[in-house]
Amino acid sequence: MSSHDEFDAFEGAARASLSSRAMAARPAPYLDDLNPAQREAVEALEGPVLMLAGAGTGKTKALTSRIVHLLNTGKAQPNEILAVTFTNKAAREMKNRVGRMLGHAAEGMPWLGTFHAICVKLLRRHAELVGLKSNFTILDTDDQIRLLKQLIAANNIDEKRWPARMIAGIIDGWKNRAWTPEQVPASEASAYNNRGTEIYDQYQRRLRDLNATDFGDLLLHMVTIFQKHEDVLAQYQRWFRYIMVDEYQDTNVAQYLWLRLLAGGHRNICCVGDDDQSIYGWRGAEVGNILRFEKDFPGAKVVRLEQNYRSTPHILAAASGVIRGNEGRLGKELWTDAEEGEKVRLIGHWDGDEEARWVGEEVEALQRGTRGIRPLSLDAMAILVRASHQMRAFEDRFLTIGLPYRVIGGPRFYERLEIRDAMAYFRVVTSPEDDLAFERIVNTPKRGLGDKAQQNIQVTARQHGVSLLEGARILLAEGGISGKGAGQLRALVEGIDRWHAVARWHGVAPAEDADAVIEEGPTPPKGLVSHVELAQVILDESGYTEMWQNDKTPEAPGRLENLKELVKALESFENLQGFLEHVSLIMDNETENSEEKVSIMTLHAAKGLEFPAVFLPGWEDGLFPSQRSMDESGLKGLEEERRLAYVGITRAEEVCTISFAGNRRVFGQWQSALPSRFIDELPEEHVEVLTPPGLYGGGYGAAGMQSQLHDKASRADVYNSPGWKRMQERQTHRPMAQPQEVRNQVIDASAISAYTVGERVFHQKFGYGCITAIEGDKLDIAFEKAGPKKVVAKFIMSADDVPF
DNA sequence: CCATCCAGTGTTTTT
DNA sequence: CACTGGATGG
């Protein structure tokens, strides 16, 4: 069943290409569009090439031109080119651009895609070599965790000490390094008393039994196959005449091996990357891969793209200043012809809420065009945060002021509870042996099938060596289940049978009996012709829709809405199975909403994007650079954080605004922080320090920004102010020095007793006042100007401590 | 079997 | 604080 078309097409095309190869190359106008470095990279078609492409240097342009050039010179047919990206977005864009350059759609590029998508295609063809059937399912993280939990329980391991999440992380790490259970080095294995490898081994067996893979397996299995089956490898080495890789700095060991194996014959491999933008070390990416390229492929041509077409000189200079702090770089210096533009703007705030408030106002100001540059559309602006929890403050604020925003890469559509439940139903219906899916839905909605009943099913299934669904059937037949749940279970099983029959009628039956089914499959019920309708029926008849209709919680309507969307999304697919495949790999939720919106996303999600105006909030030590990253990976971690800063700044075309807050709510507790060390690394001649607005509003409180309160000029040169110097002193020598203590006194709950009724205090907004009552951290204060108010202690300070 | 309450725990980053 | 998992009682 699975398509040989890409290859058959290849065979035919290959013959055709022989003749076209003999032809003289057609004129190539696209070459004139390139700068010398780009052109060099595009024209170096044979042999290994490393394209070191800095941010905004036209790397995608070069890459797509290269593909077009390969086609145009007749060196390769579309299906002879293997072009790998990391994200679906990147793959899509490349496809579009190639299509545009060719003047027609680039459907002929079946091997342009993500590592994972390409590996799935290959693995479906060779699944049997690793003990799978070609219709294997791909588990997501959620299933993975549940599977591991079962194994942990079965092994009597204390889940407190070894949480499933952690084990999953360890196993993922091993897979990223292309280690099968047997290949995990003893030194690694012993770190977990060899229990880890034991679980890993069991986990892999279980996956095989379930005819399933996880994400890491897709690559691992292919590497295994290539290593063990020379003939298969040789076949692909021949098929893929030219290989191109985007974001090479993000490849992990498994991906690296995969590439090296495939390129092993002709070595026509072109890797594009930027060591300064390597930000995925935490998930196994090895910067070493790119740093080592010339050793791996001796004689490789190295081309540097250094002319930046994106950002203004100030922004570039700021970014360069930061990244300069890293060691062991391949070395690139970006330059640009662009006009000077605005300096990078820096501003400190009292706390995170105020930062969000200020950013909201700035966004509106930029939109109105009152910030010195032309009015910008909301689409032209982005807020890039280090960690997703930072998004909340902005969402809250934007909601209250009615500023439209979109969160990119947030909690994804397909990861929502109701969507995953619905998907589990679809999975059971398309592949009845999918035990994980069955488990998920058997008692959702509640069918009176609790732990005991489910265990019963498990045991029966295991005894008979069949799937859970079959186990349930047997259990029912044997009468091994008592009254109440029995009826419901029977209804469910019958329902699945019914739906499955229809699904098979749609042509999604497992390969073995596909023919039989098409011949003599049951006639679908009247009116039930499309898989879209089938999906709706499944959700309705199973009681799942009803479950949410009866749910009175505020999120229930939204969930029903999402389910509707899900069913609608099915329209663009042939059948349920096609849809499931799509979802497991293409988890992006690009709701192409045309309304103008500000984008909010993590720095990681922003890689590869660009915006005229970029906000980089939360530059505080511990948050960015993240404490955890530094604790876990030390200097390496810090350097990765610094690269993240570099990525962030280089997203900006015209306006780049960095901000930090003195106080932030963490775990519901107020914590104070110092400005990020990366702020110190910004070259001051390229930075303009802004004064926070408001009477005494914001500022970095008692520390550096204080000087600006004295200097009423709105563009105080903070770098040369005593306040800034002092702050730097403190940062390097005594991180929690005096001004910090002052603040802690105010924040720290234990220090609240520092206030007494009658004491004169100061508040950011309300000014001076007297405390009239104290309850917990809430103070009643009679303000001199604003009158009596109830205020949380953190917002006030003793009048004696007011620094001006 | 299910709903509810409590305690403990965790926040990077994701194909 | 917000979410989860476990314990408890109906």
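Chain A is the first sequence line, chain B the second, and so forth, proteins listed ahead of strands; every chain is numbered from 1. Computation of the quantities below employed the complete heavy-atom set of this structure, encompassing side-chain atoms and omitting hydrogens, waters and symmetry-equivalent molecules.
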Per nearest nucleotide of DNA chain B, the residue lying toward the 5' end, A:Ala453 or A:Glu641, is A:Ala453
Can you tell me the distance, in whole Å, between the CG atom of A:Asn456 and the P atom of B:dC1? 9 Å
When the distance from CH2 of A:Trp258 to P of B:dT15 is rounded to whole Å, what number comes out? 18 Å
Just the rounded figure in Å: distance from C1' of B:dT15 to CG of A:Asp250. 10 Å
Both conditions, 6.0 Å and 45 degrees, for the charged tip of A:Arg642 above the ring of A:Phe678: are they met here? no
Rounded to the nearest Å, what distance is computed from the CD atom of residue A:Glu286 to the P atom of nucleotide B:dT15? 19 Å
Quick one: label A:Arg392 by what it contacts on the DNA or RNA (base, sugar-phosphate, nothing), any heavy atom closer than 4.0 Å. sugar-phosphate
So how far is it from A:Ser626 OG to A:Glu620 CD, rounded to the nearest 0.5 Å? 12.5 Å
Classify A:Ser629 by what it touches in the nucleic acid, base, sugar-phosphate, or nothing, heavy-atom distance under 4.0 Å. base
Distance test, side-chain N/O of A:Thr602 to OP1/OP2 of B:dT14, below 4.0 Å: yes
Using 30° and 60° as the class boundaries, would you call the ring planes of A:Phe240 and A:Tyr236 parallel, tilted or perpendicular? parallel
Between B:dT15, C:dC1, B:dT14, which nucleotide gets closest to the side-chain atoms of A:Ala605? B:dT14
Taking the side chain of A:Trp282 as heavy atoms from C-beta outward, which of B:dT14, C:dC1, B:dT15 is closest to it? B:dT14
Expressed in angstrom and rounded to an integer, what is the separation of A:Asp451 atom CG from B:dA3 atom C1'? 14 Å
Starting at CG of A:Asp214 and ending at P of B:dT14, how long is that distance when rounded to a whole Å? 19 Å
When the distance from CZ of A:Arg283 to C1' of B:dT14 is rounded to whole Å, what number comes out? 5 Å
Classify A:Lys149 by what it touches in the nucleic acid, base, sugar-phosphate, or nothing, heavy-atom distance under 4.0 Å. sugar-phosphate
Closer to the 5' end of DNA chain B via nearest nucleotide, is it A:Glu632 or A:Lys446? A:Lys446
Please report whether the ring centroid of A:His604 lies less than 6.0 Å from that of A:Trp282. yes
Please classify the nucleic acid contact of A:Asn443 as base, sugar-phosphate, or nothing, using heavy-atom distances under 4.0 Å. sugar-phosphate
Return the value, rounded to whole Å, for the distance between atom CD1 of A:Ile457 and atom P of B:dC1. 11 Å
If you draw the axis of the six-membered ring of A:Tyr280, does the NZ or CZ of A:Arg283 fall within 45° of it and under 6.0 Å from the ring centre? yes
Output the single nucleotide from B:dT15, B:dC1, B:dT14 whose closest atom is nearest the side chain of A:Thr114. B:dT15
Should A:Phe86 be counted as stacked on B:dT15, where stacking needs a ring-centre gap under 5.5 Å and an angle between planes under 30 degrees? no
